Structures are given as structure tokens and as C-alpha cells.
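Accompanying notes for the structure given below.
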Amino acid sequence: EELRSKLQEASRLLGIDEILRKYCGDKATEFFRVSDPIHSIRLVDYITTKYACPSVLSDVLYLCNAFTHLSAMDYCSVLLQRTMESLSAPSDVVECIDMLQDIYEENKELGERVAARVCVFCANSMRSDFKLFTCDESRQRHYEVHCVAAIEICRMASIKSPVCNTWKSEISLYAGAKHKTWATLLREFQRLLGLQKEFDICISLFQLRRRHKSDALAVALVKDALKDLEKMTDRVGSSLRIRLNKSKRALSLLFHDVDASVVSSKWCKAVGHVACKLVSINRGEMSMLLLENAGVLDETHNPTAYQAIIMVVLALCSKAANTNNLDVQQESAMRSIILANSLLQEHALVFCPAVLLPYMVFLGNLVDVVTQIILRFDCGVGEQMETFKRKLLYASKERLSLLEKNPDKYHMTTLRRDNASIILHPSWHYGDGLLLPPNNTLLECMTYCKEILSPKLRQNNFVMLGIHNFLEDRGAYYLSLRMLKNASTVTYCYHFNESLLHHQVEVLQGIALKLAERSLGGSGTGNMSGKIDHEMAVALLLTLPIKVAFKAYKRCLPSAISNRDYERVIALANVGSRASGTTCVNESINSCFSKLTWRNQTTFSDQCQQLSKKAFWWHVLQQLGVKFSPSQFDDDECYKGKKVEYINSLIFDVVRLTSQFIQDVMVMQSLTNDFCKAFDLDCNLAIEKHIEFLLSMPDKIDNNDMQILAFEIMDVRQNIESCCHGVQKLLQCLPNVKSRSTILRNCLIAMEKID
């Protein structure tokens with residue numbers, strides 16, 4: 001045993017001597033002391049710098065076995081690290097892998113420990129001293145080499161030992177890792193390499209695991225997609241979409257091991273942040289383009305996407321509120337309001353959570369009424385903004401059509417829209433006064449919005465009511481009413497002020513009175529359409545005090561009658577009937593409706609029905625061409641006899657002119673009978689007048705007058721046979737022989753006078 005021990009020691013010393021001479025020369029043996037630990041440490045450390053030597057690994061392992069104080073794991077790791085530092089290209093990593101392969105063949109446990117140590121080195125060398133999107137080629141190459149080396153080491157280690165048993169010695173390697181396996185570590189380094197090669201993003205392994213500054217990285221990715229976009233003139237949207245999809249893939253690599261909803265939320269949050277920044281620098285349309293092409297508007301059930309949209313809406317409103325008198329800034333403010341309205345109407349209100357619905361409805365109404373005011377601007381500004389709004393609406397419809405084609409992809413199961421255009425009733429009023437001056441109106445609107453949303457509303461109670469006078473002076477009553485509605489909502493909910501509410505009621509009654517007159521067709525003064533909106537007229541009259549409503553109603557009648565607009569008179573009469581509680585439906589509906597109408601107005605209701613009946617026959621007489629005076633139809637008892645005598649005088653003209661259009665005697669007689677019944681006249685009188693007409697002489701015709709020639713063709717009296725049959729039928733309708741003989745005798749006397 002003693003001899004064997006001496007031989008082993010001699011062999012050890014000879015091996016050390018050989019290695020010493022190989023790397024340090026013969027003279028080094030004179031100074032090297034085997035018994036001095038520092039000498040052995042310096043020797044093996046020096047040898048690891050000679051990584052180009054083919055036998056360097058075996059020499060390092062030999063020295064580590066020869067000296068018990070030298071760690072084979074430490075110096076093998078150092079050797080691999082120094083070899084790795086010398087590599088100039090990722091393809092040269094094969095040298096390190098060959099060394100690691102030799103270590104595994106020598107000792108599997110040692111190979112696993114060395115692999116773990118080298119991975120720690122690679123991870124540490126990829127620390128966050130690299131900047132995002134760096135252009136430093138040397139740093140990029142250095143990062144890529146270490147990342148590729150770590151990937152190949154992990155791949156070999158996962159084959160040799162799938163489960164790493166030595167990670168406890170390398171705490172930093174598994175810090176933050178979900179699964180302590182080589183396969184997991186391999187995928188992490190592959191993600192790092194993908195981020196570096198595809199997106200020029202260099203982050204460390206520990207930043208990847210902890211997602212350090214992930215929000216900042218997401219924002220940086222979105223901003224990178226927007227670089228140099230303004231220089232493009234064609235297909236900006238498609239180019240931006242391609243860039244944003246690439247950036248989103250980078251974010252997916254960063255959050256590869258989490259649920260897809262987390263990635264989507266991070267992405268929407270970053271896009272919303274960047275879009276708000278764009279709004280702040282007067283690039284609202286670019287922010288809309290970003291939201292659309294980033295897919296935020298398609299994330300219909302993502303709360304973060306909804307928050308991003310609301311952030312942009314608030315940013316647009318804030319930007320518009322801070323405008324000044326410069327024309328450029330005012331145009332930008334108008335576009336911001338229209339953009340905010342589009343986002344609210346198309347997305348924020350449609351997919352609003354129940355908790356936020358009251359706030360979004362209020363904000364949506366406020367922004368929408370300001371948008372309507374902007375569209376009423378003069379000097380061509382309103383037309384420009386209308387074109388811009390239609391452009392947004394067209395883009396929204398295009399996007400919606402794509403969503404409906406893929407409902408499962410975008411969770412679009414309930415949202416459906418009809419692309420058919422809206423057809424308004426011809427009697428509805430959709431105009432609202434004169435066009436508005438752009439500059440003054442916009443400033444008034446912004447002042448109103450800031451005051452209505454201000455927490456100091458109580459100190460400025462009457463400031464927000466100033467816009468009503470501004471709008472009413474230009475006839476924009478509907479817009480003023482919508483403004484008042486928003487102000488009243490805030491007043492009732494937050495700041496109950498009796499004096500302010502009283503003033504708002506006065507303003508409301510003034511607006512309702514003007515709108516009632518407009519819905520009734522106008523009182524004869526001002527620029528009125530003459531059209532009557534029945535439903536709005538009744539509703540507005542019922543909102544007014546009854547005395548004020550009566551005055552407004554009565555002011556509209558004379559102009560309609562004097563202009564002989566009898567259809568309008570009929571409509572006015574029907575409006576009065578409905579307001580007084582008279583309807584044409586069954587009693588159950590009538591009883592419910594009467595609770596809302598004027599009470600104890602039976603006389604007024606009867607007058608409206610009589611007016612409606614007279615206006616109907618006035619319209620018929622007008623169409624027939626009968627000359628008459630409406631004032632002769634007065635129901636005053638003092639003139640009742642004159643009224644009957646005057647209406648009787650019209651019957652012959654009614655028969656004469658009706659015969660031009662109606663050839664059937666009995667049909668024509670039915671019309672004249674209805675005329676007599678409407679005014680409580682004797683129906684036999686209509687028959688007698690008809691017989692007198694048929695037995696009278698036709699008018700003389702001038703052949704040169706074509707109009708009279710046309711009348712000759714239509715005159716039924718030219719046909720003797722037809723007149724004979726007609727008179728026989730009419731005579732049968734008279735009650736007795738005496739009346740028949742009397743009318744025939746009168747006709748003969750009239751004929752004799754003509755002869």
C-alpha cells in the first residue's frame with residue numbers, strides 16, 4: 001500500500017510537471033511549488049485562458065483531481081465562460097457544446113452542475129444594461145451569442161438530465177421560475193432570442209420572469225410601430241396594422257406563459273396610453289386610427305379595452321375644452337368632439353358595464369348635443385364636420401361588417417345593425433333655426449360643458465344658462481332644450497338650488513312655447529315652415545300652462561285660414577281635439593289619455609271638431625274650384641240665417657263643378673248629400689239643385705278657347721240621354737209627387753226665360 005501510494009503521488013507530480021511545462025515553459029518548474037495552494041490556483045486559472053488548446057479541458061480536469069482544493073465545477077465553468085466570451089458569431093457556439101459534451105461523458109453530475117453555472121453566466125451577461133430597440137451591433141451580437149449558447153446548453157442538458165437536480169446550488173437560476181426543468185429554461189431563452197432577433201428587444205432572463213417594466217415595454221412597442229408613419233402617403237392603415245401586429249407578437253413572447261387575456265389587457269392598456277398621448281399633441285385622428293388597427297375597438301368584452309376607449313374619449317373632451325380663439329385649434333377641438341361622440345355612440349355606450357352606464361349616458365348626451373351644434377355651424381364649417389362625421393360612420397360600418405362575418409372570433413352574438421337609411425316622417429321638424437357662428441358658439445359650448453361638469457357648480461349657478469339665450473336668439477330651440485335637460489339633471493342630482501331650478505323652469509317654458517308655435521306651423525311671424533308636427537305639438541302644448549298654451553294655439557289659426565291652407569287648419573283642429581282629451585280610439589284608451597290632457601274643455605273640444613269638419617269641406621270646395629268665403633261659415637247665432645242662405649247658394653256650384661270629375665249621378669249626389677248633412681241643411685235641396693243643373697242649358701262655347709272646349713267635352717249636359725236617366729233617378733229620391741212636380745215646373749220656367 002505504501003509503495004502504491006508513492007507511485008500514485010509520483011504519477012500525480014509528473015502529470016502536474018508535464019502540464020506546467022506545456023503551458024508555462026521549463027523554467028516555470030523552478031518556481032512552482034506543489035505544496036503552495038496559491039500556485040495551483042494561479043496555474044489552473046491561467047490554463048483556462050488557453051481555451052484554444054485541444055487538451056485544455058482534460059488538463060483542467062486533471063489539475064482539479066490532483067489538487068483537492070480546486071473545484072472541477074468552478075474551473076470547467078470558467079473555461080466554458082471564457083471560451084464563450086471569445087466567440088464572434090452564434091455559429092461558433094458549437095465549441096462550447098463540444099466541451100460540455102466531454103464533461104458529461106467524464107461525469108454526468110459534473111456536467112449538469114457546469115451547465116447550470118454557465119446558464120447563470122449567460123443570464124447575468126444579458127442584464128438590463130441593454131436599451132430597448134438598440135442599434136449597437138456589438139451589443140446585439142454579444143447578446144445573441146450568449147442567448148444561443150444558453151439555448152444549446154439547455155437543449156443538451158434536457159436530453160442528458162430532464163429534471164435538474166442541482167438548481168439549489170444556483171438559486172438565481174430558478175428565482176421566479178414556475179417549473180424547475182431544463183425544458184422550461186430552454187423555452188425562456190428561446191423567447192429572449194425571439195425578442196432580440198425579431199424585435200431588437202434585449203431584456204434579461206429575470207426581467208422576463210418578473211415582467212419588470214412590462215407596461216413601459218408595451219408602450220415602447222406601440223410607439224415603435226408609429227415611427228415614420230407620417231411619411232407614408234398610401235395605405236397608412238394597412239402599414240400600421242402590420243406593424244402593430246408585429247408589436248403585439250413581441251408582447252405575446254414576453255407573456256408567453258400566461259393567459260391570452262392578460263396579454264390582450266396589457267396591449268389594450270398600452271394602446272390607450274399612447275392614443276391619449278397622441279390626442280394631447282393634436283393628433284386625434286391618428287389616435288382613432290391606432291385604436292382601430294390595434295384591435296382595441298374589436299375587443300368588445302375586454303374591460304381593459306373599454307377603459308382604453310374611455311381614456312381616449314376623456315382625453316378628446318379635455319383637449320377640446322382647452323381650446324382658444326385660434327382657428328386651427330378650434331377646428332381641432334371640433335374634430336375631437338366628433339371623434340369622442342363616435343367612440344361613445346359606437347362603443348362606449350354599446351358595451352358599457354352596468355355600473356358605469358349612468359355616467360356614460362350623461363357624457364354621451366352631452367357630447368352628442370355639442371356635436372349637433374357643431375354640425376349647425378355656418379361658413380361651411382358645419383358641412384366639413386358633417387363630412388368628417390360621415391367618414392367615421394362609414395369606417396364604423398365597415399368594421400362592423402367584418403365583426404358580423406366572424407361573430408365567434410369577436411364574441412359578437414347580440415350586436416346587429418340595419419344598414420338601411422332612416423326615413424323621417426314628412427311632418428317632423430329636423431331643422432332647428434338659423435346656422436350658428438362657429439367661433440362664438442364653440443366657446444359658449446365649451447364654457448357650458450366645463451361649468452356643468454365642474455365641482456364648483458354651486459358658485460356659478462347661472463353661468464351655464466347663458467348658452468340658452470345664445471341659441472334661442474338664433475332659433476335653435478331643440479338644441480337649447482337638450483342643453484337645459486343636461487343642466488337640470490346635474491342640478492337635481494348634485495346641487496339642489498331653488499332659485500336655479502325656478503330659473504330653469506322659466507327657461508323651459510319659454511323654449512316649450514317657441515317649439516309649440518313651430519310645431520303648430522308658426523303664428524304668421526318669423527321664418528316658419530307652415531308644417532305641423534302633430535305629436536310634438538300636442539306634447540309641447542300640454543307642458544305649458546293652459547292659458548299660455550291657448551294663446552299659442554290661437555295665434556296659429558288666423559295665418560292658416562287667411563292663407564287658405566285648409567290641410568293645416570284640419571291638422572290644427574285635430575291637435576286641439578287631442579289636447580282637450582278627444583281621441584278616435586276606444587274609451588279605455590281615452591280615459592287613460594284624458595288624465596294627461598286639459599280638463600273641463602268640452603266646449604273647446606266641440607269647437608275643434610266643428611273647425612275640423614268645416615276645414616275639410618273648405619278643402620273640398622277649394623279642390624273643386626268653388627269660390628267661397630270662410631268667414632261666411634261663422635257659427636254665431638246672430639248670423640245663422642245668413643250662414644244657411646250662403647251655404648245653400650254654394651250647392652249649385654258644387655254640383656256643376658263636381659260633374660266635371662264624376663259622371664255617375666248617384667255618386668255625385670252622395671257627395672252633395674254629405675255636404676248638406678255636414679252643415680245641417682235639407683238633403684232634398686241638394687237633389688233639387690242637381691236636377692236643376694241637369695235640366696239647364698249648357699254654357700255657350702267659344703271654339704277658340706281650348707280650356708272651355710275641354711269643359712264642353714266634360715259637361716254632362718251635352719249628353720241628353722244621360723241627363724234623362726239621371727233626372728229620372730233623382731226624381732225617385734224626392735219624398736213626394738208635389739216636390740217632384742214643383743222642381744220640374746221651376747226648370748220649365750227657367751228654360752222659357754232663356755228662350
Side-chain angles (χ1 to χ4, degrees), residues 369 372-373 376 424-434 465 467-488 501-563 565-584 593-601 603-609 611-612 615:
V369 70
Q372 295 301 319
I373 291 176
R376 298 284 300 165
L424 299 178
H425 193 276
S427 68
W428 290 359
H429 290 281
Y430 52 87
D432 195 25
L434 304 175
L465 297 177
I467 193 172
H468 301 295
N469 296 330
F470 183 85
L471 293 174
E472 289 176 21
D473 290 343
R474 292 159 178 82
Y477 301 117
Y478 279 115
L479 293 175
S480 180
L481 182 62
R482 290 192 65 183
M483 289 287 198
L484 182 64
K485 184 262 297 181
N486 291 327
S488 302
L501 293 178
H502 179 70
H503 186 65
Q504 288 177 350
V505 170
E506 292 181 353
V507 174
L508 175 62
Q509 290 184 356
I511 296 174
L513 177 60
K514 297 295 184 180
L515 288 175
E517 289 185 353
R518 177 186 291 174
S519 298
L520 290 170
S523 59
T525 59
N527 185 14
M528 295 295 182
S529 65
K531 293 182 179 180
I532 297 178
D533 189 338
H534 306 73
E535 296 178 355
M536 285 300 300
V538 173
L540 290 167
L541 286 174
L542 293 178
T543 61
L544 294 170
I546 188 168
K547 292 183 179 180
V548 178
F550 268 123
K551 290 181 180 179
Y553 181 78
K554 290 181 179 179
R555 280 200 298 266
C556 298
L557 281 172
S559 62
I561 296 176
S562 61
N563 293 329
D565 189 354
Y566 300 121
E567 289 184 341
R568 180 179 165 194
V569 176
I570 295 171
L572 287 171
N574 292 335
V575 168
S577 298
R578 296 300 178 92
S580 60
T582 304
T583 62
C584 56
F593 181 72
S594 63
K595 296 179 181 179
L596 305 174
T597 58
W598 298 328
R599 298 181 180 180
N600 302 323
Q601 298 297 325
T603 303
F604 175 73
S605 177
D606 294 340
Q607 291 174 348
C608 290
Q609 292 180 4
L611 179 62
S612 177

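All figures in this text were calculated on a predicted structure; none of them were measured in a lab.
Here Tyr553 pairs with Phe604 under the ring pair (Phe, Tyr, Trp, His ring centres under 6.0 Å) rule; sequence neighbours left out. Scanning for side chain to side chain contact (heavy atoms under 4.5 Å, CB included) contacts around Pro545 gives Gln509, Val548, with sequence neighbours left out. Scored by the side chain to side chain contact (heavy atoms under 4.5 Å, CB included) test, Lys485 finds Asn365, Thr489 as partners (sequence neighbours excluded).
No more than 12 heavy atoms of other residues, nucleotides or ligands shown are found within 6.0 angstrom of CD on Glu567.
Judged by distance alone, with hydrogens and angles left aside, the side-chain atoms of Ser580 form a donor-acceptor pair with the main-chain N or O of Gly576 at under 3.5 Å. Of the possible donor and acceptor atoms, one in the side chain of Ser577 sits under 3.5 Å from a partner among the backbone N and O of Ala573.
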Decide side chain to side chain contact (heavy atoms under 4.5 Å, CB included) for Leu479 and Met483; before the verdict, give the C-alpha distance in whole Å, the side-chain angles of both, and the deciding distance to 0.1 Å. CA-CA 6 Å; Leu479 293 175; Met483 289 287 198; 5.6 Å; no

Should Leu544 and Leu540 be marked as a side chain to side chain contact (heavy atoms under 4.5 Å, CB included) after you check the CA-CA gap, both sets of side-chain angles, and the distance that decides it?
CA-CA 7 Å; Leu544 294 170; Leu540 290 167; 5.8 Å; no

- Does the pair Gln372 and Arg482 meet the rule for a side chain to side chain contact (heavy atoms under 4.5 Å, CB included), with working shown? CA-CA 10 Å; Gln372 295 301 319; Arg482 290 192 65 183; 3.9 Å; yes

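Between Leu572 and Cys556, the shortest heavy-atom distance links the atoms CD1-O, 3.8 Å. Here the closest non-hydrogen pair linking Leu542 and Ala579 is CD2-O, 3.8 Å.
Looking only at side-chain heavy atoms (C-beta outward), Leu557 and Leu611 come within less than 4.5 Å of each other. Looking only at side-chain heavy atoms (C-beta outward), Arg518 and Met536 stay at 4.5 Å or farther from each other. Looking at Phe550 and Arg555, their side chains never come closer than 4.5 Å, going by heavy atoms from C-beta outward. At a threshold of 4.5 Å between non-hydrogen side-chain atoms, the residues Arg568 and Ser559 count as touching. Within the 4.5 Å cutoff, the side chain of Leu515 has heavy atoms near those of the Tyr478 side chain. At a threshold of 4.5 Å between non-hydrogen side-chain atoms, the residues Ser480 and Ile467 do not count as touching. In this structure, Leu481 and Leu508 have side chains that are in contact, with non-hydrogen atoms separated by less than 4.5 Å.
Atom CD of Gln601 and atom CG of Asp606 lie 11.0 Å apart (nearest 0.5 Å). Taking CZ of Arg578 as the reference point, atom OG of Ser605 lies at 11.0 Å (rounded to 0.5 Å). Rounded to the nearest 0.5 Å, atoms CD1 (Ile546) and NZ (Lys551) are 12.5 Å apart.
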